[in-house]
Amino acid sequence: MTLFRRSEVVIAAILLVAMILIGLVNPAFWQVDNLFSLLRSNVIIGIMALGVLLVMLSGGFDVSFPAFAVAAMYLTVKGMLYFGYVGVLVPFVCAILIGAACGSINAFFVWKFRMIPLIVTLGTGSMVRGFLLGVVGTSMINIDRFPPVLIDFAKAEVFTITKADGTHSGLTAMVLIYFALALGVHLMLRHTMIGRSIFALGGGAEAATRVGFDLKKTIFFIYCLAGALAGFAGMLHCSMIWLANPRDFVGTDLEVIAAVVLGGASIFGGRGSVLGTMLGVFMLVMVKNSLIIMKVDTTWQLVVVGSIIVIATAATAWRDRKRQA
Amino acid sequence: MGKHAFDVRSLINRDNNIVQLLGMVVVIMVVMTFLSPDKFLRYYNFESLTYLFPELGVLSIAMLVAMLTGGIDLSIIGIANVSAILAGLFFHHFVGREGIASGDGTGIVFLGIVLSLTIGAAAGAFNGFLITKLRVTPILATLGSGQVFTGIALVLTGGPAIVGFPVAWDWIGNGKIFGLAVPFVLFIVIALGMAFLLTRTTFGVSLQLIGTNPKAAVYAGLDKTRMIFLSYVATGMLASIAGIMLSGRTNAAKSDYGTSYLLQAVLIAVLGGTNPAGGKGTVAGVSIAVIALMLLSSGFQILRFSNHLIDFIWGAFLLLVIVINAYKNRNR
């Protein structure tokens, strides 16, 4: 039974059962297009979830990342149009830097004033969104003005399948970027000193200092990387949907947090893994997607997402208590 | 200090935070009067504020109650909306749209209020159950339950607002009593009641002790689980009162009304001297903070700042308060 002690195994088992059940209700679930589009929907939420995972591992909480993602994406696309820049690499680097810069504000307040991260990020999120909508603008950048380079970049596909009726369906190459980032974060967490210091901080700030970790460095690293991931996700998101909307990502924070908690991360910090988070993201996206396939009214989505958070957190709390006992 | 001693001097000594907040109100008044001399200092402006701020004030007191034990309640907006919506559906079901339009349903408003409060208490009890029995952290428990409540509100209405409440319900949000706005009077009654409950009863003092040092409180023989559970029930009921006020004022109820109030309620609670880690916070501080911030945002509205910029200012203010509190605690 030691296998079932690992939360990843439990989540994967639940996931498998859920997939079989959904497949029984509507066999369309197993069609290749549906699976491809499922994976595609994982990319943005997944990349953001990696950032939230880092923050949660350290015992923190972040609700500002959707605002950072929107700011990075909108400012960058605006900048590209203004300068008439054609290219892919520079905009993405730019979005990452904007995200990291916003994240450093969070880090500064969390570290310097020892303030509860939830309250800090509520403040910074509101500031960044308010600044973007109030100063930069509220108009969407639609397909007619959206930089074609970005569209072409995000159109890339790993492989395509020609179906019997002659239509093509392809798996977007963006999942590779997602998997690469996830692998990078995993290796960083498990095999580097800074990764270990994040777990140590989540286990207890005092203990981490005594062992000799530089918490200032750790906190700045966590929040800047989380911001950078959010900025990158924002940029990728607008490239994939061909639209830069400054009001985008409202309510995304809850979905991403739900996914991370679902993936077994503990809000008290020190517990959680990249693999668990990816499974959690997949589960959440799949449930939302399947509600549509199973013809459940979309108004129920919030109830479902909320219930998932409640059930997942109750289960994690129960698990944590059992381990302590 | 004697627990029942109550003179102005001891109040000031005990809580110089309140003096600072009053100072802030004065500064905001002076600056805003200076910036728009002919518009800000009008009776009309202040009168309209007495209709607007009570909702937010009650929500902030609800947040204070949750924060006293080191928790937080992110579901208050969901609770407020779902209880207002259910009351609206109740009226439509038993009186009907025509009946409401013709002025019927005054008697049934009382039942509607009881219904709203019951829903608030039930929603709060659900939060309390998650937090005390299942030991889910308050942030996540209320984040999730808030989604569920908002989701239920969305399912019940299907999206659009529920319009048309009885006249007496409307009166709670727009009426006048003794020449004062009804919501304002209601707010003062609730604030006094909560101040009494939190400082002069076993329940309130227990909450403060639990927030200051949970372990010591348990060793002192306090029933921590029950007290925290009850505090979330109280928070839920306060949220439903805010929902009644909001739906009364706008004569409508919708699943996404007042979503910006959440950040503002947290900000006001923190600004009012509440320690989010628990143990500290007064109703007086929160009440003055809500007035200060409403004056500030009304001043900016008169200056024709967009709502987005006001969001920016609220966020910046929250961070500023964190900095100020940090420096104040350093000197101590």
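Proteins come first, then strands; the chains are lettered A, B, ... in the order of their sequence lines, and each starts at number 1.
Neither the backbone nor the side chain of B:Ile313 comes within less than 4.5 Å of any heavy atom of chain A. In this structure, the portion of A:Ile257 lying under 4.5 Å from any heavy atom of chain B is its side chain and not its backbone. If you measure heavy-atom distances from A:Leu118 to chain B, the contacts under 4.5 Å come from the side chain alone. Using a 4.5 Å cut-off between heavy atoms, A:Phe109 touches chain B through its side chain atoms alone. Proximity to chain A is limited to the side chain of B:Leu318, based on heavy atoms less than 4.5 angstrom apart. Using a 4.5 Å cut-off between heavy atoms, B:Ser306 contacts chain A through its side chain alone, with no backbone atom that close. For A:Val63, no part sits under 4.5 Å from any heavy atom of chain B, backbone or side chain.
Rounding to the nearest 0.5 Å places CG of A:Leu133 at 8.5 Å from CG of B:Asp311. A distance of 8.0 Å separates OG of A:Ser126 from CD of B:Gln264, quoted to the nearest 0.5 Å. Note that CD1 of B:Ile139 and CD1 of A:Ile116 are 7.5 Å apart. Values are rounded to the nearest 0.5 Å. Distance check: B:Leu319 CG to A:Ile105 CD1 gives 8.0 Å after rounding to the nearest 0.5 Å. Atoms CD and CD, on B:Gln147 and A:Gln301 in that order, are 11.5 Å from each other to the nearest 0.5 Å.
Listed by sequence position, the residues of residues 295-303 of chain B in contact with chain A number zero, using a 4.5 angstrom heavy-atom cutoff.
Looking at heavy atoms from C-beta onward, A:Val135 lies in side-chain contact with B:Leu309 at the 4.5 angstrom threshold. Here the side chains of A:Phe61 and B:Leu140 are in contact, with some heavy-atom distance below 4.5 Å.
In this view, A:Thr299 and A:Asp297 satisfy the side chain to side chain donor-acceptor pair (under 3.5 Å) rule, not counting sequence neighbours.
Interface summary for chain A: among B:Ala153, B:Gly144, B:Gly78, the most heavy-atom pairs under 4.5 angstrom belong to B:Gly144. Interface summary for chain A: among B:Ile152, B:Leu130, B:Val323, the most heavy-atom pairs under 4.5 angstrom belong to B:Val323. Most heavy-atom pairs under 4.5 Å with chain B, from the set A:Ser307, A:Gly134, A:Ala314: that is A:Gly134. In terms of heavy-atom pairs under 4.5 angstrom with chain A, the leader among B:Thr157, B:Asn307, B:Ile322, B:Leu74 is B:Ile322.
Looking at every heavy atom in both residues, A:Val303 comes nearest to B:Val155 through CG2-CG2, 4.1 Å.
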